[in-house]
**Student:** 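Let me give you the structure first, and then I'll get to my questions.
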Amino acid sequence: MDKPKTTPKDFFLWAGAIITFYWSVIATILLIFEYINYTFPNPLSYLPVNPYDSGISYEMASIIVLLPIYMLLVRLIRSDAIRDSSRNEIWVRRWAILLTLFLAGVAIAVDLITLLTTFLGGEELTTAFLLKVLVILLVAAGVFMHFIADLKGYWDTFPMRKRAVSIGVAVLAVAVIGAGFFIVGTPAQARLARFDVQKVNNLYDIQNRVINYWQLKQKLPGAITELADPIKYGPLPLDPQTGESYKYEATGKLTFKLCATFNAQSRENQYAYSAVPSVTSEPMVPVRVDEKMAAMTQDDWQHGSGEVCFDRTIDPILNPPFTK
């Protein structure tokens, strides 16, 4: 009996199914990793665990778009196989299944090797590490079992069980995506949170300008407009949400405060600033920073909702005046 030929339709249906499947699985694993990183932040990290600056949104979008496409392609493949059973014997199907089994097996082996290497090396098995190992093990084992059953024709023999698995995968995907809304929030909340992050960045920028101003002149600026030097500092940052200027007030010879209006309370581990002093011995032009650079200041920028003021004191030892 001649082997069935693989048509262009067969090839592209299977290629599309495999690509969307791999992409969906990887996006799901990375999304769960983001949740783990957010729930169990690394205490040694100098950078804040900020869900709005991570890949959560991209990974959620990938699952929302690609998983239904994968299911549609599989449905088309199954429909063709029902009409013509020889479609189950084409080479592209066998290669796709065997490749997936191989990759799933490799993932399981590498996962276990990583776990044992860490354990035998005497390193600390943190909760985050163990959860990530478990996620990869469960996902890879699930993929392996599903496709080995497909290769042996199990799902053709028990179509109702296959339907139950499909429903379970869909429910799991909805649960994984839904969990993201508890971390990232709705799109509207995420936009407001990004505004708050940018406001913190702007206040940090203004704080640097104030310190630099004091180092140059040994006095604090009387008004925030004195910091609007386009040659040295660039444009004075404004509130990105309202376009208004931030509030600044000199409260003493070495003390001042900066105020901004925030949309919501900052999360406990959204701004994990480290105690790294900014020692300077010569004039330095402050630059606009992003949320990662903002993590490298000794000041705490935790805030509530509404107008919040941050009191700052210049330390002449850490920020000595510039010598002429």
Side-chain angles (χ1 to χ4, degrees), residues 44-50 52-53 193-263 265-324:
L44 300 179
S45 175
Y46 286 112
L47 301 181
V49 179
N50 184 355
Y52 306 103
D53 187 39
R194 293 189 69 86
F195 274 130
D196 286 350
V197 170
Q198 185 57 49
K199 291 175 185 181
V200 170
N201 295 339
N202 290 345
L203 291 180
Y204 180 63
D205 185 1
I206 295 173
Q207 174 182 278
N208 280 348
R209 298 185 187 209
V210 173
I211 295 174
N212 188 257
Y213 185 99
W214 182 88
Q215 289 176 302
L216 287 170
K217 301 184 178 183
Q218 285 77 62
K219 67 175 183 178
L220 293 174
I224 195 171
T225 52
E226 296 181 35
L227 300 174
D229 187 335
I231 297 178
K232 179 173 294 185
Y233 303 113
L236 191 66
L238 301 175
D239 188 313
Q241 197 169 2
T242 64
E244 298 178 356
S245 176
Y246 294 100
K247 293 183 180 180
Y248 158 82
E249 180 184 350
T251 57
K253 292 184 178 181
L254 295 174
T255 58
F256 63 95
K257 66 179 181 180
L258 299 171
C259 304
T261 301
F262 296 96
N263 297 295
Q265 181 176 358
S266 58
R267 305 190 180 205
E268 182 178 354
N269 57 349
Q270 182 174 348
Y271 302 112
Y273 295 98
S274 60
V276 179
S278 55
V279 180
T280 57
S281 58
E282 58 183 18
M284 180 179 63
V285 179
V287 295
R288 190 174 303 278
V289 295
D290 59 19
E291 48 263 48
K292 290 183 179 180
M293 291 179 65
M296 301 306 291
T297 176
Q298 74 236 36
D299 300 314
D300 182 11
W301 295 98
Q302 295 286 341
H303 59 77
S305 60
E307 184 176 81
V308 178
C309 293
F310 302 92
D311 294 311
R312 298 292 184 250
T313 301
I314 297 177
D315 190 333
I317 297 178
L318 295 178
N319 302 279
F322 298 137
T323 57
K324 297 182 179 179

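Treat the numbers as computed from the prediction; the structure is a model and nothing was measured. The basis for the numbers below is simple: all heavy atoms, side chains too, and nothing from hydrogens, waters or symmetry mates.
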**Student:** Kindly give the heavy-atom pair with the smallest separation between Leu220 and Tyr213, and that separation in Å.
**Tutor:** C-CE2, 3.8 Å

**Student:** Could you give the distance from CZ (Phe256) to CZ (Phe310), rounded to the nearest 0.5 Å?
**Tutor:** 12.0 Å

**Student:** Is the shortest heavy-atom distance from the side chain of Thr255 to the side chain of Asp311 under 4.5 Å?
**Tutor:** no

**Student:** Please name the pair of heavy atoms, one in Gln215 and one in Pro320, separated by the smallest distance, quoted to 0.1 Å.
**Tutor:**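 Minimum heavy-atom contact is NE2-O, 3.2 Å.
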
**Student:** Could you check if a side-chain atom of Gln241 sits within less than 4.5 angstrom of a side-chain atom of Asn263, using non-hydrogen atoms only?
**Tutor:**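 Yes, side chains in contact.
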
**Student:** For the side chain of Tyr248 and the backbone of Pro221, is there at least one donor-acceptor N/O pair under 3.5 Å apart?
**Tutor:**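 Flag set: sc Tyr248 to bb Pro221 pair under 3.5 Å.
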
**Student:** Are Phe195 and Asp239 side-chain neighbours, meaning at least one heavy-atom pair lies under 4.5 Å?
**Tutor:**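 Phe195 does not reach Asp239 side chain to side chain.
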
**Student:** Once rounded to the nearest 0.5 Å, what's the spacing between atom OG1 of Thr313 and atom NZ of Lys257?
**Tutor:**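 Going from OG1 on Thr313 over to NZ on Lys257, the span is 13.0 Å.
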
**Student:** For the CG atom of Leu203 and the CG atom of Asn208, what is their distance to the nearest 0.5 Å?
**Tutor:** 11.5 Å

**Student:** So does Leu238 get a backbone contact from the side chain of Asn202, meaning a donor-acceptor N/O pair under 3.5 Å?
**Tutor:**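 Yes, because the side chain of Asn202 sits within donor-acceptor range (under 3.5 Å) of the backbone of Leu238.
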
**Student:** Measuring from Asn201:CG to Asp196:CG, what's the distance to the nearest 0.5 Å?
**Tutor:** 11.0 Å

**Student:** Quick check: closest heavy atoms across Gln207 and Trp301, and the distance to 0.1 Å?
**Tutor:**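 Heavy atoms only, the tightest pair is OE1-CZ2, 3.5 Å.
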
**Student:** Of all the heavy-atom pairs spanning Pro321 and Pro316, show the shortest one and how long it is.
**Tutor:** CD-O, 4.3 Å

**Student:** So does His303 get a backbone contact from the side chain of Gln265, meaning a donor-acceptor N/O pair under 3.5 Å?
**Tutor:**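 Side chain of Gln265 to backbone of His303, a donor-acceptor pair under 3.5 Å: no, none is there.
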
**Student:** From Arg209 CZ over to Ile224 CD1, what is the distance, rounded to the nearest 0.5 angstrom?
**Tutor:** 8.5 Å

**Student:** Check whether any side-chain N or O of Lys199 sits under 3.5 Å from a backbone N or O of Thr261 as a donor-acceptor pair, and report yes or no.
**Tutor:** yes

**Student:** To the nearest 0.5 Å, what is the distance between CD on Gln218 and CD1 on Ile314?
**Tutor:**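 Here the rounded value is 10.5 Å.
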
**Student:** State, with a plain yes or no, whether a side-chain heavy atom of Leu236 is found less than 4.5 Å away from one of Tyr246.
**Tutor:** no

